[in-house]
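Below is one structure, written out as structure tokens; the observations come after it.
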2 protein chains.
Amino acid sequence: MSDAATHGSLTGLRSCVRPGNRAGGVSQCSRCGARKASVCNAIGDPDLDRLAASVVHMTVPPGCSFIEDGAEATDFFNITSGTAKLFKLLPDGRRQITGFATAGHFLGLAVGDHYAFGAEAIDTVHLCRFSRPRMTRLMDDFPRLERRLLEEASNELVVAQNQMLLLGRKTARERVATFLLERLRNAEEDDVLVLPMTRTDIADYLGLTIETVSRTLSALRKEGLIADAGSHNLRLLDADRLADIAEGDRD
Amino acid sequence: MSDAATHGSLTGLRSCVRPGNRAGGVSQCSRCGARKASVCNAIGDPDLDRLAASVVHMTVPPGCSFIEDGAEATDFFNITSGTAKLFKLLPDGRRQITGFATAGHFLGLAVGDHYAFGAEAIDTVHLCRFSRPRMTRLMDDFPRLERRLLEEASNELVVAQNQMLLLGRKTARERVATFLLERLRNAEEDDVLVLPMTRTDIADYLGLTIETVSRTLSALRKEGLIADAGSHNLRLLDADRLADIAEGDRD
DNA sequence: ACGACGCATTGACACACGTCAAGGGTTGCT
DNA sequence: AGCAACCCTTGACGTGTGTCAATGCGTCGT
């Protein structure tokens, strides 16, 4: 089927020295922009110092991997800024990106004690690292945190089910339309969306090839549904129509 | 792309009167065959009465739906016997089966208060129903249950990621091989697997058509990798080879 | 028993998307 | 500034899987 064209960014690994970790200063968490959207909002202000003392901040440069598929699952991660891609590989190099993680996303839930996926920074990613034992202690001490994690996992499951519907049953056109609308939620402006990832990443996320993604975007552009808005930016000109397309409305 | 041929079993709905629910007798749970494999194993023997008092037993006949996509998420379910299919639909009827649930599976985790998928019995399904408030009370009172649920959700996430890899990047042959091996885990014998679901269900699970599933199985049969073993049964003659195929080994 | 219906198999053909290939644009490094 | 990688786009063509259609085969209800 496909192959090879799909794993371009291995070159990024050359600059992947594990960055110097520094312990979070006291109450870092109270100033964290991602807190509102993350599981950390389950912990109240009075206990923030306790939370801050449990994490290590990390900066991951673009193209650098911070979770290796199959490696021992020693840590949990909470992204505070930037975008990461999560993926699985087949032995011959075919890749499926299972999701893009942005500020507030919690990563590292695993079955057994090994990660079942890889994670790599797309742009510069800032994140908090929790060791498993510390996370367990936090959950013991803050039941609301655990409840919040279950909520988060449920959320991810719903997202995953939607993605299975997309991968199993939608056409290329429907997949791209779905993707664009999905990206709208991460957007600052109402109709301008940011695509920090490459076409290869988009293709590996949607189960397509880069050529098909490119052609489909060109078609939507020609039909006046989207327009370029600078590098790595797109403007949605007719989100309603795109929503119809995404759900299979006659195509 | 595909369509229509994929939603055959709506006819089953005619016999879908909601079965008479009866409260679980005291300590039903201690005799439950599914307990060992389910989240209920987080609750110790002394507290089983409390658990039994929180559930309602239900019997769902084949073809009958017990979770409606979009309906208010009022309950959780724990399957004690039988097999159910979980699925999502597109407006035009295209269907993606996101999983098959058997004894021990916990269902009903939702984001917000509406289910994001449907569930329908394949054969006769026996299950326990937990109302949301009761489940919340149980989690409050038994932290180990909540921990167990998080574990279960993590598990489901890993499975979902594997399925995304299958749907996005594997060939029909690889998908079918993967499916057969997956079924092996639900098997009683070492190499004989049971397929209670129809070809349509398999196709909708693997993102294929029934014709492609049928042709692929015929090819594997012709190659001596599998053999018929009675109605709804298959024998795997070369599981190692199938495992190679499932991971894309030269095909 | 006997039809009738749903399910599975198989064949012929079509098409959406993948593959191969060429060229232009953008970014980053020295 | 200028070169070198990438990245993206576009075209021509191939193919894996979908579509359409015919036939066989268990199963169930009367």
Side chain to side chain donor-acceptor pair (under 3.5 Å) partners of T178(B), counting only residues at least two apart
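Partners of T178(B) under the side chain to side chain donor-acceptor pair (under 3.5 Å) test: K170(B).
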
- side chain to side chain donor-acceptor pair (under 3.5 Å) with T102(B): which residues, sequence neighbours excluded?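 N186(B).
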
Which residues pass the ring-ring contact (aromatic ring centres under 6.0 Å, His included) test with F76(A), sequence neighbours left out?
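So F76(A) forms a ring-ring contact (aromatic ring centres under 6.0 Å, His included) with F106(A).
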
| field | side chain to side chain contact (heavy atoms under 4.5 Å, CB included) against H126(A), all qualifying residues, sequence neighbours excluded | value |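 Residues passing side chain to side chain contact (heavy atoms under 4.5 Å, CB included) with H126(A): T59(A), T80(A), S81(A), T124(A).
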
What donor-acceptor contacts under 3.5 angstrom involve side-chain atoms of residues 220-230 of chain A, with partners at least two apart or in another chain?
from: R221(A); atom 1: NE; to: D228(A); atom 2: OD1; distance (Å): 3.4
from: E223(A); atom 1: OE1; to: R173(A); atom 2: NH2; distance (Å): 2.9
from: E223(A); atom 1: OE2; to: R173(A); atom 2: NH1; distance (Å): 3.0

Practice item. Select one nucleotide: of dG18(D), dA8(C), dT17(D), the one nearest the side-chain heavy atoms of R199(B). Key: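 Nucleotide nearest to R199(B)'s side chain: dA8(C).
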
Original post:
Quick one: which of dC7(D), dA8(C), dT17(D) gets closest to the side chain of A172(B)?
Top reply: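 From the listed options, dT17(D) comes nearest.
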
message = Once ring pair (Phe, Tyr, Trp, His ring centres under 6.0 Å) is applied, what residue pairs with a partner in residues 221-240 of chain A remain, sequence neighbours excluded?
response =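 For residues 221-240 of chain A: none.
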
Specify the separation, in whole Å, of atom [atom1] of [X] and atom [atom2] of [N].
| X | N | atom1 | atom2 | answer |
| --- | --- | --- | --- | --- |
| L195(A) | dC7(D) | CG | P | 15 Å |
| L208(A) | dG16(D) | CG | P | 18 Å |
| D228(B) | dC25(D) | CG | P | 13 Å |
| I226(B) | dA8(C) | CD1 | C1' | 14 Å |
| L206(A) | dG18(C) | CG | C1' | 15 Å |
| K222(B) | dT10(C) | NZ | P | 7 Å |
| R173(B) | dG16(D) | CZ | P | 12 Å |
| I202(B) | dA8(C) | CD1 | C1' | 11 Å |

Sorted by number, the residues of residues 211-220 of chain A with heavy-atom contact under 4.0 Å to DNA chain D =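 Per residue number, the list reads E211(A), S214(A), R215(A), S218(A).
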
Next item on the list: Measure the CD1-CZ distance between I79(B) and F66(B) for me, rounded to the nearest 0.5 Å.
Entry: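 Atom-to-atom, I79(B):CD1 and F66(B):CZ are 4.5 Å apart.
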
Atom pairs, protein N/O to nucleotides 22-30 of chain C N/O, distance under 3.5 Å:
none

Quiz item: Which heavy atom of A34(A) sits nearest a heavy atom of A103(A), and at what distance?
Solution: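 Closest pair (atom of A34(A), atom of A103(A), distance): CB-CB, 4.2 Å.
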
Practice prompt. Enumerate the residue pairs fulfilling salt bridge (charged side-chain N to carboxylate O under 4.0 Å, His left out) with a member in residues 206-216 of chain B, sequence neighbours excluded, ordered by first and then second residue.
Written response: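 Listed once each, the pairs would be none.
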
